[in-house]
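We count ligands from 1, going down the list as the structure has it; atoms in each ligand are counted the same way. Model, not experiment: these values are computed from the prediction.
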Amino acid sequence: MSEPVLKAEKLDAADDLAPLRDRFLLDDVVYLDGNSLGALPAGVPDRVADVVRRQWGELRIRSWDESGWWTAPERIGDRIAPLVGAAAGQIVVGDSTSVNIFKALVAAVRMAGEDRTEILVDASTFPTDGYIASSVARLTGRTLRAVTPAEVPAALSGRTAAVLLNHVDYRTGRLHDLPSLTAAVHAAGAVAVWDLCHSAGALPVGLDEHGVDLAVGCTYKYLNGGPGAPAYLYVRRSLQDRFDSPLPGWNSHVEPFGMRPEYAPAPGALRGRVGTPDILSMLALEAALEVWDGVSIDAVRAKSLALTDFFLECVAAYVPGGRVESLTPVPHEERGSQVALRCADAGDAMKRLIERGVVGDFRAPDVLRFGFTPLYVGFADAERAARVLGEVLGGA
Ligand SMILES: *Cc1c(COP(=O)(O)O)cnc(C)c1O
């Protein structure tokens with residue numbers, strides 16, 4: 001057997017998280033796209049069937065109370081909280097990430113006050129964040145400036161209202177320095193809004209520890225909530241009284257069934273709610289989150305780094321020199337949980353990888369993305385993916 005194969009065997013044998021793979025329904029495909037759509041947790045199909053047949057079909061309207069439907073957004077938020085380093089009572093689940101970015105950024109600008117006239121946005125951001133930031137700037141009468149995360153400290157000033165940043169760059173897998181950037185934003189008196197889509201469930205975030213103001217994230221990537229699963233919104237406890245939602249729907253009213261003409265916000269994280277929650281998706285997410293029972297996010301991070309290190313090592317061994325160039329930073333403190341390889345004919349290469357049972361994804365114009373989800377990806381998967389990539393790109 002070749003050296004990488006032997007090494008993969010050893011690493012898998014020593015991997016304490018390896019048994020967690022049984023908490024998912026998987027086949028023998030090497031699935032490296034969990035940073036786009038997480039795999040299906042084994043407990044979800046039966047839970048969804050119960051929610052549909054019994055809770056909806058039999059209990060019907062009673063389920064809003066008896067099945068805990070009404071309180072699901074904050075209950076499931078509390079289930080996500082420890083995964084992102086937040087104490088209970090600061091996260092609600094609901095709506096899409098895009099909608100939550102809108103809520104968070106408008107609320108951030110309102111908190112910052114009238115004299116703060118500029119919003120900063122991550123220039124390398126996932127497009128939806130940039131589109132929404134632009135709309136928020138127009139709606140609130142602020143200017144918007146796109147800067148890279150590295151340029152943020154120099155761009156901050158007494159005019160800065162809010163800064164919207166991605167924790168991990170969706171394309172390159174670069175991890176940005178959340179503690180120091182948040183501290184810099186605070187030193188300028190501005191509000192820090194973080195998008196955790198590519199970090200939550202893959203690495204420790206430390207929202208409370210680092211004093212993050214507002215954060216949003218999706219649940220269908222590393223949190224395996226299912227296609228279109230609802231996103232979440234974090235509002236730091238000390239800011240909740242000042243969180244003035246631009247979408248103050250009846251679900252965030254202090255007395256939602258009082259049916260009053262005037263709006264009065266509920267206390268706490270509940271202010272982030274809007275309208276009737278998407279119960280079927282939300283309860284699928286709740287079942288999906290059970291895979292985290294007893295799992296340490298630090299252990300997940302350690303395995304994620306070992307996987308991406310090993311994958312890069314195997315790529316170097318199998319892929320002919322010069323065929324790919326890694327965009328993913330080498331230092332661990334700058335790396336998320338994916339490897340992005342620039343490659344001349346990336347779209348075609350990914351098609352052929354998928355045909356051979358290695359599923360990653362392609363991001364235009366020339367990037368192959370491989371997401372490593374430590375709960376169900378092992379070292380033999382990393383070795384096989386790199387070996388097939390080498391074959392596809394004309395290696396040995
Ligand atoms: C995946 C992702 C989104 C997705 O937003 P949706 O509203 O769920 O479509 C937003 N921002 C970032 C950074 C993402 O990675």
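Note on Glu255 versus Arg260: salt bridge recorded, some NZ/NE/NH1/NH2 to OD/OE distance being below 4.0 Å.
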Check your understanding: Could you go step by step and tell me if Asn224 and Phe24 meet the side-chain contact (heavy atoms from CB on, under 4.5 Å) rule?
Key -> CA-CA 10 Å; Asn224 315 301; Phe24 294 85; 3.7 Å; yes

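Of the listed residues (Asn166, Thr182, Asp122), just one forms a side-chain hydrogen bond (donor to acceptor under 3.5 Å, both in side chains) with Trp194, and that residue is Thr182.
Under 4.0 Å from ligand 1, the heavy atoms of Cys197 that appear belong solely to its side chain. The side chain of Asp129, and not its backbone, has at least one atom closer than 4.0 Å to an atom of ligand 1 (non-hydrogen atoms only; side chain from C-beta on).
Those atoms of ligand 1 that come under 4.0 Å of a heavy atom in Lys221, given as number and element, are 1 (C), 2 (C), 3 (C), 14 (C), 15 (O). Residue-ligand proximity, His198 to ligand 1, at heavy-atom distances under 4.0 Å covers atoms 15 (O). Atoms of ligand 1 lying under 4.0 Å from at least one heavy atom of Ser96, given by number and element, are 7 (O).
At the shortest separation from atom 4 (C) of ligand 1 among protein heavy atoms lies Tyr220 OH, 3.2 Å. The protein non-hydrogen atom at the shortest distance from atom 5 (O) of ligand 1 is Thr97 CB, 3.4 Å. Among protein heavy atoms, the minimum distance from atom 13 (C) of ligand 1 is reached at Asn166 OD1, 3.1 Å. Annotation: atom 7 (O) of ligand 1 to nearest protein heavy atom, Ser98 OG, 2.6 Å.
Residue Glu391 holds its CD atom at 9.5 Å from CG of Leu353, rounded to the nearest 0.5 Å. Atom-to-atom distance recorded for Tyr318:OH and Glu383:CD is 3.5 Å, nearest 0.5 angstrom.
Taking the six-membered ring wherever Trp is involved, the centroid distance between the rings of Trp250 and Phe257 falls below 6.0 Å.
Where the criterion is an N or O separation shorter than 3.5 Å, residue side chain and backbone included, Tyr170 fails it with respect to ligand 1.
With hydrogens and angles ignored, the 3.5 Å screen pairs no side-chain donor or acceptor of Arg271 with any backbone N or O of Asp244.
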